[in-house]
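Reading through the structure tokens given below for one structure.
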Amino acid sequence: MAAKRFLHGADYNPEQWIKYKREVWKQDMERAKQAGVNELSVGIFSWSFLEPEDGVYDFSWLDEVMDMLHENGIRAILATPSGARPPWMAKKYPSVLRMDHERKPNVFGGRHNACYSSPDFRRKVTEINTQLAKRYANHPALYMWHVSNEYNYECHCPRCQEAFRDWLRARYHTIDNLNDSWWNTFWSHRFSDFSQVESPTTPSMLGEWESPNHNLAWRRFCSDHLAAFFELECEPLHKYTPNIPVTANLMHTFPGLDYFDLGRRMDVVSWDNYPRWKGDEEDVAISAATSFKHDLMRGTGGQKPFLMMESCPGAVNWGDHNTLPPPGTVLYQGMQALAHGSDSVQYFQFRAGRGGSEQFHGAVLSPDGSDQTRAFREVSETGRMLEKLDEIAGSKTDNKVALVYDWHVRWALDYAWLGHRFDQKYEETVQAHHTALTAAGYGVDVIDQLSDLTPYKAVVAPMLFLLRDGFAQRLTNFAKAGGVVMLTYLSGYVDEEDLRYMDTPPLEALTGVRVDECDAFTHGHENSFLWRDVQWPIKEVAQLSTPITAQVLADYQQQFYKGMPTLTRNAVEKGYCYTLQARTHIDCLTAVYQDLLQSHGIEPLVGGLPAGVIATARYGADGQRYLFLLNSQREPVSAALPAGLTNLLTGETTQGDTVLNAFSVTVFRG
Ligand code: GLA
Ligand code: ZN
């Protein structure tokens, strides 16, 4: 089979079937061809098979698998096996086991639970990665490295505590500086030496858990420590296979790691997508959330094409209620990934195992290998579609609107003692702005505070609670140069160290508004404001502020803050900064974005889209535009599209009103 540029594949665990390899592996290859599968990810959980005893390696089965993939025209994404360890390792080197926040060591079991400070674990990982890289460096099937699996990290063992202290020494240099940064005169917490610092404990009276500054430092350390471990894993890969790209599969908004930082260290970002489709009107919101996650994941890779490394061709089995996805889901899910810049549609997993906790998780093949299942038919249909759309592979997005989602903001809000303590809804809020922007017809890039702002005409940064060094200035410069900035309540409250400001907060000149107080609603509280003659409800958060240089576009209608601004606009040299002072309905956000962005000449990809429909665009190297229209509704809708777009599959050209099928993604050239 000729190699396609779009990857269509799955996690593949042939070692689980080694005793039946003659029939099963052979059938796997036949089914792969039938389904248009041109990639399989191998070796993800193979450590005990690759190294059955300490220092005793057996690559014979993997050699056979790699050869077999190559013979069948299938590219291998080869994993490093650190996602799960063999049992002998825990017995022989107990330091590989993590310790929880109560300082209790784990016992062997599960996965994704190694201590990354353990010298034994680090050595064993380097050894096996070196073996793999050397052995397969010139293997024609080797296409990409898949480092570990769904990395996460938090370990409170003595070695990790020491690593935390070293990280603190490197960041703060003196203990005095750390004390000042954490405001440690409070409750008599001043340290006199770095050795006194302990990792925080999850809410419990066991130790420190209340200090936001201390907690933020710990989150940052965990993220940096994992990133350094990722680099350690990559060393032999870069050394022996300098031309093979490296990825690690991410989990969208997983709170534990700064994925922008991790993404910047990879050649290609990949992620695992598990929306829980319902088959009813709820799918509109599920699709919107998935679109946000795709855009976020693309952002962590610097807006390059990414891979959807995993998705389920049936029902997952880890929920409390594992609803079957209705027919057509595999195709919609795959096409949605393409629409947001993915160069692959991949599944978990190719063939379900007979036992283990994932025995009933959806898979391309059931253990019997039948090609008569719905999953197999839908995967095959997707394979055929990918072949038809192959010219799109490698094309890039070029969006003019950026939306800021920053893990440091998220962490600071997670530990912030104000407003809706423990649930500030940062992720939900950024996602709501994403949904509104896409509903208004815009393609959106998700970025963090370190990203380049120059490609954009508008930057939206909801709940920008913590300002990382230099960002307020860069945002101000962006507005001064003619950009449009949109901010909200709870922005610019603390600096990089999570400390409040002693003098004028850095966003005040940009917003032209002085923040006075911020209210957290409970039941019974309500307020509203007028926009386009509609009375919009305010929910949960309302900030009270006084305009300085800003113009008031809308104000509160009720309570003691009646008349104070809800939406302001501040002219900043050639550009503008808008500030929304309260949380409101997504439909209101959509209306606000439609009005404001267009008033500044920032045009949507497609205007006037019906509810539940969004547009995205990718551009080929030759400048060719591919326009995707996603209808997440369970009904066909008619959309007024620009004339002259060519449907890539039917060859028909649009002439205005165009029917978009129920729960479908349509691709146009033009
Ligand atoms: C994750 C893992 C896979 C598998 C799936 C099941 O994404 O990476 O190994 O466990 O979940 O949904
Ligand atoms: Zn540890």
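Keep in mind it's a predicted model, so treat the numbers as computed, not measured. In listed order, ligands and their atoms are each counted from 1.
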Discussion item. Under the criterion side chain to side chain contact (heavy atoms under 4.5 Å, CB included), I'd like the reasoning laid out for Leu389 against Met335: C-alpha separation, chi angles, the key distance, then a yes or no.
Written reply: CA-CA 10 Å; Leu389 299 177; Met335 293 292 293; 3.5 Å; yes
Worksheet entry | Test of ring centre spacing under 6.0 Å for Trp271 and Tyr259 |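 Aromatic pair excluded; centres sit 6.0 Å or further apart.
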Discussion item. As a check for students: among Glu150, Gln349, Met309, identify the option with a heavy atom nearest to atom 1 (C) of ligand 1.
Written reply: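 Answer by nearest heavy atom: Glu150.
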Discussion item. Test: salt bridge (Lys or Arg N to Asp or Glu O under 4.0 Å). Region: residues 224-235. Which pairs qualify, not counting sequence neighbours?
Written reply: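 Matches after skipping sequence neighbours: Glu231-Arg265.
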Discussion item. Tell me which one of Thr253, Asp448, Ile447 satisfies side-chain contact (heavy atoms from CB on, under 4.5 Å) with Tyr405.
Written reply: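 Of all the options given, the one that passes is Thr253.
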Worksheet entry | Contacts of Asp406 that satisfy salt bridge (charged side-chain N to carboxylate O under 4.0 Å, His left out) - sequence neighbours left out |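 Asp406: salt bridge (charged side-chain N to carboxylate O under 4.0 Å, His left out) contacts with Arg468.
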Item to complete: Could you check atom 2 (C) of ligand 1 against the protein and tell me its nearest heavy-atom contact, residue, atom and distance included?
Response: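 Of the protein heavy atoms, Glu310 OE1, 3.4 Å lies nearest.
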Worksheet item: How far is atom 9 (O) of ligand 1 from its nearest protein heavy atom, and which residue and atom name does that atom have?
Response: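 For atom 9 (O) of ligand 1, the nearest protein heavy atom comes out as Arg111 NH1, 3.0 Å.
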Worksheet item: Where's the contact between His361 and ligand 1, heavy-atom distance under 4.0 Å: side chain, backbone, both or neither?
Response: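 Looking at His361 and ligand 1, just side chain atoms fall under 4.0 Å.
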Worksheet item: Of all the heavy atoms in Val316, does at least one lie under 4.0 Å from an atom in ligand 1?
Response: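 Val316: no contact with ligand 1 (<4.0 Å).
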Worksheet item: Any sub-3.5 Å donor-acceptor pair from Trp407's side-chain atoms to Phe254's backbone N or O?
Response: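 Yes; judged by distance alone, with no hydrogens or angles, the pair exists.
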Item to complete: Look only at the side chain of Asp54 and the backbone of Met89, and say whether a donor-acceptor pair between them is shorter than 3.5 Å.
Response: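 No, Asp54 side chain to Met89 backbone: no donor-acceptor pair under 3.5 Å.
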Worksheet item: If you leave out waters, which protein N, O or S atoms are less than 2.8 Å from the Zn ion (ligand 2)?
Response: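 Those protein N, O or S atoms (cut-off: under 2.8 Å from the Zn ion (ligand 2)) are Cys115 SG, Cys155 SG, Cys157 SG, Cys160 SG.
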Worksheet item: For ligand 1, which atoms sit closer than 4.0 Å to a heavy atom of Asn149?
Response: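 Heavy-atom distances to Asn149 below 4.0 Å select 2 (C), 8 (O), 9 (O).
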Worksheet item: What are the atoms of ligand 1, with element, lying closer than 4.0 Å to any heavy atom of Phe45?
Response: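 Answer for ligand 1: 9 (O).
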Discussion item. By the ring-ring contact (aromatic ring centres under 6.0 Å, His included) test, which pairs, at least two apart or in different chains, include something from residues 85-111?
Written reply: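 Pairs touching residues 85-111 that pass the test: none.
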Fill in: Nearest-0.5 Å distance, NE2 of residue His361 to CG of residue Asn322
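With rounding to 0.5 Å, NE2 (His361) is 8.5 Å from CG (Asn322).
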Discussion item. Test your reading of the structure: does Glu358 have an N or O sitting under 3.5 Å from an N or O of ligand 1?
Written reply: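 Yes - when backbone and side-chain N and O of Glu358 are compared with those of ligand 1, one distance drops under 3.5 Å.
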Discussion item. Tell me whether the NZ or CZ atom of Arg98 lies within the 45° cone about the ring axis of Tyr116 and under 6.0 Å from its centre.
Written reply: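 Satisfied, under 6.0 Å and within 45°.
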